[in-house]
Amino acid sequence: MVRMTGSQILLECLQREGVSTIFGYPGGVVLPLYDTLPQFPALRHVLVRHEQGAAHMADGYARASGEVGVCLATSGPGATNLVTGIATSFLDSTPMVAITGNVARTLLGKDGFQEADITGITQPITKHNYLVMRAENIAMTVREAFHIARSGRPGPVHVDIPKDVFQEEAEFEWPEEINLRGYRPTTKGHAGMIRRAADAINKAKRPIIISGHGIIWGDSSDELVELAEKAQIPVITTFLGIGGFPETHPLSYGFLGMHGMYHANMAADEADVVIGIGMRFDDRAMGRFNDFNPDATIVHIDIDPAEIGKNLPTAIPVVGHVKRVLPELTERLDEHDRSQWLGWIDKVEEEHPSLEIRETRRLIPQEIVRTLYEETNGKATLVTGVGQHQMWAGQHYFYDSPRKLVSSGGLGTMGFELPAAIGAQMGMPESEVWAICGDAGFQMTMQELAVCVDERLPVKIAIMNNGYLGMVRQWQELFYDENFVSVAVTQPDFCKLAEAYGIRALRIESKSEVLPAVQEARNYDGPILLDFHVDQDENVWPMVPAGAALSETIEMPEKELVR
Amino acid sequence: MTTTNGTKPGQHTVVAIVEDKPGVLQRVAGLFRRRGFNIESLAVGPTEFEGLSRMTIIVDGASAPVEQVEKQLYKLIDVVKVSDLTHEDAITRELALLKVRCNNVNRHELLDIANVFRADVVDMATNSLMLQVVGDEDKINGLIKMCEPYGIRELSRTGTIAMTRGQKTTTVHESEPEAIARVHQSQGRRVEADLPFSSD
């Protein structure tokens, strides 16, 4: 046993947990920790420009690499600035450990300078949180925090440490064993339920798989492909499930939901057995719950038992880890010829194409994404914000492997794109990372441009600049009688702004400039910003209006076809 | 109508064994608030194991399917075990203290009422007396109703606690042998491989 300070114990434990990068911002109460940081040269500290950026970077790092992301902030405002990022991670179930300092123990609860009850605040948006009151408890807390964050259904864990606990000395011993009696995620699926699921699928005429984020976090793409191929079941994904099943696979039918493919929505509505795998039947994916395919038998495979039956009545639940459940299920499935059913979906797709890029005079974002896809051969990682550009990035790029689309799906956090792209680039230094930004969301976190420069990151930043809060404008146009209120966004000259940071920038205003700009960005070794001035009036189609059923999906109206 | 254990229709009796840690009550209460589950009554106290507390929660079943309540509770890391006692053969009890107005004239009547409900008189003053009553919710409500005409000056109820009858338990079994072993060891006995008894 060695005597160490709380700061040393914390950093030693982070290192032992395999952490190499911390996204953080110093402040009063974490000074003892920052003072100790140089003693751990293997821990790379990335200085962000706002703590929200730190949380999104840790999240982006996790989503791109599969490892736990770590962010760090001081007490009070530093800690509360993390909140949006933690909630983003929570709703999308990504593994993150957020560390905050707090005021010294003697001042806790006395409204001291920069004190916030941050564990009280993060409690409903974390998988678990801790207030560590003694240095001797830090090691076990860190062990538990990483274990909870990365196991079962992943999620963010918050660890709050008062200033004097960083300074307190304690004997350090690495806890080999974790004993959390209240936390034992089920990994092995119930054999009887798997048998029932197999029976239902074998009997099905029109089965469909809806695969989600859980396939990606359960590292089970191969298992899913095997299952789908053996039983010839078409696969559609949720938005966050994109890439979990190769999108160029013949059994892939895109993603479903509010802006999913028309044929995917119709197939989900037509199926007789719906097999949800690693997903949660979210309202954006399923449309109006009461009218989602009432005749279908729902099979739901997920690691979180609380998701079973939460939104839709489930006939056959299988609680377990997809990596274990899918092979067992595949074994019990018959080989089938389902060409008739697949043909039905193909026909719908043919008659109602969702991904055609029509001829337009003005530059539209869809063709930018498609150009990007063609130029990168689908190998790049796209990190998006939230809104129209997010949907186009999901629709018009085809993802053949997991972790290539990084996006805030559940919480829908604008401003996620740039910091998450920075995190993704740091997590996967060899990857080509593109931040696909909206011009409004970009302005929420654009201060993180400085981090691209500091860390010499070759992030490519593409702004789909339509001068609007595009998705909100689309809703006001369609559902609020074109009463456009507070949706036109004034903006700085993004190119000049980038240049002020020392970042190269290109302004693209016409169709012919797109390809050369993308090529130039790809050949440039460093951060580069592309400011695409796109058609202001373009809407995202298809669309399931809020509160409507999947069967009520509407396609692009004729009047929008010609522009 | 009530079930065999006194749980009212539409209500659910849920017992949660939780880690005795700071903040655990807030986690449970926060969960109920966030998911929109209504708590009718909540009672917390220590268990037979050091470090574990027992919460008895009466949930308004109309606000949520009890299955969701159980599953969401299980998601809390500090919750070790959850049991639904609604349809179990269980004893439910609550304790109440009532301070009732009285005078020399009607004190006897009140004492008679207390007697019928097997309530104890735990304090007496010139113009009031304090009754302590133990029972299920119905019994306590009955006593309150009988005392209302005299004027209830103060009422305090503990909330319902519950326990299954017979061999069956709702406790945490895994740590039980260890707890039994500790008792034997503290009394100087060697613990053999097989312990003398286990609960079920």
Side-chain angles (χ1 to χ4, degrees), chain A residues 87 90-91 93 105 108-109 117-134 137 140-141 143-145 147-149 151-160 178-186 280 300 302-314 317 319, chain B residues 12 14-37 44 47-55 57 59 61 63-84 170-179:
Chain A
F90 183 63
L91 274 215
S93 307
R105 283 170 290 188
L108 271 179
D117 172 19
I118 193 63
T119 43
I121 292 170
T122 62
Q123 184 226 303
I125 53 161
T126 50
K127 191 170 169 186
H128 196 51
N129 66 8
Y130 294 90
L131 170 59
V132 189
M133 291 296 276
R134 300 165 77 132
N137 294 339
M140 186 51 100
T141 304
R143 278 287 267 153
E144 289 181 5
H147 174 63
I148 292 169
S151 62
R153 176 180 180 174
V157 180
H158 168 220
V159 179
D160 191 29
I178 303 170
N179 182 25
L180 285 165
R181 48 188 166 181
Y183 178 69
R184 285 175 193 157
T186 312
R280 59 188 175 91
H300 192 181
D302 199 89
I303 198 158
D304 182 357
E307 288 302 338
I308 308 289
K310 190 182 78 178
N311 291 342
L312 289 174
T314 303
V319 177
Chain B
H12 291 281
V14 176
V15 170
I17 308 292
V18 303
E19 298 282 356
D20 179 16
K21 284 182 181 166
V24 65
L25 183 61
Q26 194 206 349
R27 286 182 204 279
V28 172
L31 167 78
F32 276 70
R33 174 191 57 75
R34 174 163 126 65
R35 300 277 174 191
F37 309 154
V44 194
T47 63
E48 64 277 25
F49 301 117
E50 205 176 304
L52 287 181
S53 300
R54 183 180 175 111
M55 290 185 177
I57 309 162
V59 195
S63 68
V66 72
E67 199 185 289
Q68 261 294 310
V69 176
E70 262 187 77
K71 285 172 172 175
Q72 293 293 344
L73 274 172
Y74 257 125
K75 280 182 81 165
L76 298 178
I77 310 288
D78 286 340
V79 172
V80 181
K81 187 173 178 181
V82 184
S83 313
D84 178 11
T170 43
T171 186
V172 179
H173 297 295
E174 287 144 297
S175 53
E176 193 173 24
E178 291 157 35

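These numbers come from a predicted model, not from an experiment. Order of the sequence lines fixes the chain letters, A, B, ..., with proteins taken first and strands second; residue numbering starts at 1 for each chain. Hydrogens, waters and symmetry mates are skipped; everything else that's a heavy atom, side chains included, is used.
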Starting at [atom1] of [X], measure out to [atom2] of [Y] and round the result to the nearest 0.5 Å.
X       : Y       : atom1 : atom2 : result
R181(A) : L52(B)  : CZ    : CG    : 4.0 Å
Y183(A) : E19(B)  : OH    : CD    : 15.0 Å
R34(B)  : Q123(A) : CZ    : CD    : 10.0 Å

Inset, instruction - Select one option (side chain, backbone, both, neither) describing which atoms of R27(B) are under 4.5 Å from chain A's heavy atoms. - result: both

Inset, instruction - Below 4.5 Å from any heavy atom of chain A, which atoms of I17(B) appear? Answer side chain, backbone, both or neither. - result: neither

Inset, instruction - Measure distances from I308(A) to the heavy atoms of chain B and classify the residue's part below 4.5 Å as side chain, backbone, both or neither. - result: both

Legend entry - Which portion of D304(A) sits near chain B, non-hydrogen atoms under 4.5 angstrom: side chain

Inset, instruction - May I have the step-by-step check of salt bridge (charged side-chain N to carboxylate O under 4.0 Å, His left out) for E307(A) and K71(B), ending in yes or no? - result: CA-CA 9 Å; E307(A) 288 302 338; K71(B) 285 172 172 175; over 6 Å; no

